[in-house]
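Each remark here refers to the structure printed beneath this line.
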Amino acid sequence: MFYRQIDSPLGRLLLAGDRQGLRYLGLQEGAQPVEIREDWERQERAFEDVVAQLGEYFAGQRYCFSLSLVPEGTPFQREVWRALATIPYGATRSYGEIARQIGRPRAVRALGAANGRNPLPVLLPCHRVIGAKGQLTGYSGGLEIKTQLLALEQR
C-alpha cells in the first residue's frame, strides 16, 4: 500500500491504495481521520488521477468520478457503497430509500452503520444520505464537512 496527502477545501486528505486502485480517502481534519500504517509507503506522485478529479469536483467542474476504487468491506457494506454511487450529484436520498433500493427495507440501521464505515467518502457520496425527514445526520467527517459538501453540490 502507498499513500499521499493533499490539501483540499475540506482540509487535509489522505489517499491510500495499491496498484488495483484507491482503498481509502481520509478526511484528516474530520471526526474520524484515517491512521497511516507503518507498512504504507509514502509516494508524492501517487493517485494523480484522483487528485485531478477531486480538484475538478471542488471547483464545481466535475459531477461524477471515473476512478479505480477498491473499498474493502463486507458484502453488505460493498452493496451499500455501490448504492451510494447511484445518488446523483446535488441530490440526496434517505436511509430508507437506499435500504429499499438494495432490497432490504428493514435494514436501515445496518445501512447507516455501513454508510458510516465508507472508506471513500466524497468519492462514494455518503454525504448525500440524510434522515427520513430531510435532516442532516451523522457523517464520518463531521456534520460541518457534510454541510460543506452538500452546499458545494447545490451551487
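Sequence positions, counted from 1, serve as the residue numbers for this chain.
When side chains are defined from C-beta on, Val34 counts as touching Gln28, because their heavy atoms get closer than 4.5 Å. Proximity of Asp7 to Arg12: side-chain heavy atoms (C-beta onward) are separated by under 4.5 Å at one or more points. Arg23 is not listed as a side-chain neighbour of Pro71, based on a closest heavy-atom distance of 4.5 Å or more. A heavy-atom distance below 4.5 Å is not found between the side chains of Thr147 and Glu144. Contact check for Phe47 versus Phe2: side-chain heavy atoms found under the 4.5 Å cut-off.
Cluster membership for Val70 and Leu25, using ILVMFWY side-chain heavy atoms within less than 4.5 angstrom, is not shared. Under the 4.5 Å side-chain heavy-atom criterion for Ile, Leu, Val, Met, Phe, Trp and Tyr, Phe65 and Leu152 are members of the same hydrophobic cluster. Neither Ile36 nor Leu10 shares a network with the other; the hydrophobic side chains, linked directly or stepwise wherever heavy atoms of I, L, V, M, F, W or Y lie under 4.5 Å apart, form separate groups for each.
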Checklist line | Chi angles and distances behind the side chain to side chain contact (heavy atoms under 4.5 Å, CB included) call for Val80, Asn118 | finding: CA-CA 9 Å; Val80 169; Asn118 176 7; over 6 Å; no
Next item on the list: Could you give me the CA-CA distance, side-chain angles and deciding distance for Trp40 and Tyr24, then say whether side chain to side chain contact (heavy atoms under 4.5 Å, CB included) is met?
Entry: CA-CA 12 Å; Trp40 290 2; Tyr24 301 100; 3.9 Å; yes
Next item on the list: I would like to know whether Arg78 and Glu72 meet salt bridge (charged side-chain N to carboxylate O under 4.0 Å, His left out); could you show each step before the answer?
Entry: CA-CA 8 Å; Arg78 290 192 311 270; Glu72 295 177 359; over 6 Å; no
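Here the CD-CG distance, from Glu29 to Leu27, works out to 9.5 Å after rounding to the nearest 0.5 Å. Once rounded to the nearest 0.5 Å, the distance linking CG of Leu84 with CD of Gln101 reads 9.0 Å. Atom-to-atom distance recorded for Met1:CE and Asp18:CG is 6.0 Å, nearest 0.5 angstrom.
Within a 6.0 Å radius of CD in Glu56, more than 12 heavy atoms belonging to other residues, nucleotides or ligands are found. Around CZ of Arg62, the count of heavy atoms belonging to other residues, nucleotides or ligands within 6.0 Å exceeds 12.
In summary, Arg4 and Glu48 engage in a salt bridge, as defined by a charged side-chain N under 4.0 Å from a carboxylate O. Between Glu35 and Arg37 no salt bridge is recorded (no basic side-chain N to carboxylate O distance below 4.0 Å).
No side-chain N or O of Ser68 forms a donor-acceptor pair with one of Gln20 less than 3.5 Å apart. Under the 3.5 Å distance criterion, with hydrogens and angles disregarded, a donor-acceptor pair is assigned to the side chains of Glu41 and Gln43.
Summarising the geometry of Glu44 relative to Arg42, their closest heavy-atom pair is OE2-NE, 2.5 Å, with the distance given to 0.1 Å. Closest approach of Pro105 and Arg100 over heavy atoms only: CB-CG, 3.9 Å. The two atoms that bring Phe76 and Ala107 nearest to each other are CZ-CB, 4.3 Å, heavy atoms only. The minimum heavy-atom distance linking Ile98 with Ala83 is given by the pair CG2-CB, 4.0 Å.
For the pair Trp81 (side chain) and Arg117 (backbone), a donor-acceptor distance under 3.5 Å is absent. For Gln5 (side chain) and Leu14 (main-chain N/O), no donor-acceptor pair under 3.5 Å exists by modelled atom type.
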Which donor-acceptor pairs under 3.5 Å do the side chains of residues 123-137 make with protein atoms, sequence neighbours left out?
from	atom 1	to	atom 2	distance (Å)
His127	NE2	Glu153	OE2	2.9
Arg128	NE	Glu153	OE1	2.8
Arg128	NE	Glu153	OE2	3.3
Arg128	NH1	Ile87	O	2.6
Arg128	NH2	Glu153	OE1	3.4
Arg128	NH2	Glu153	OE2	2.9
Gln135	OE1	Lys133	N	3.0
Thr137	OG1	Tyr95	OH	3.1

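Applying side chain to side chain contact (heavy atoms under 4.5 Å, CB included) to Val50 and the options Leu22, Leu13, Leu120 leaves one that passes, Leu22.
Using the six-membered ring where Trp is involved, Tyr89 and Tyr57 have ring planes that are perpendicular, over 60° apart on the 30 and 60° scheme.
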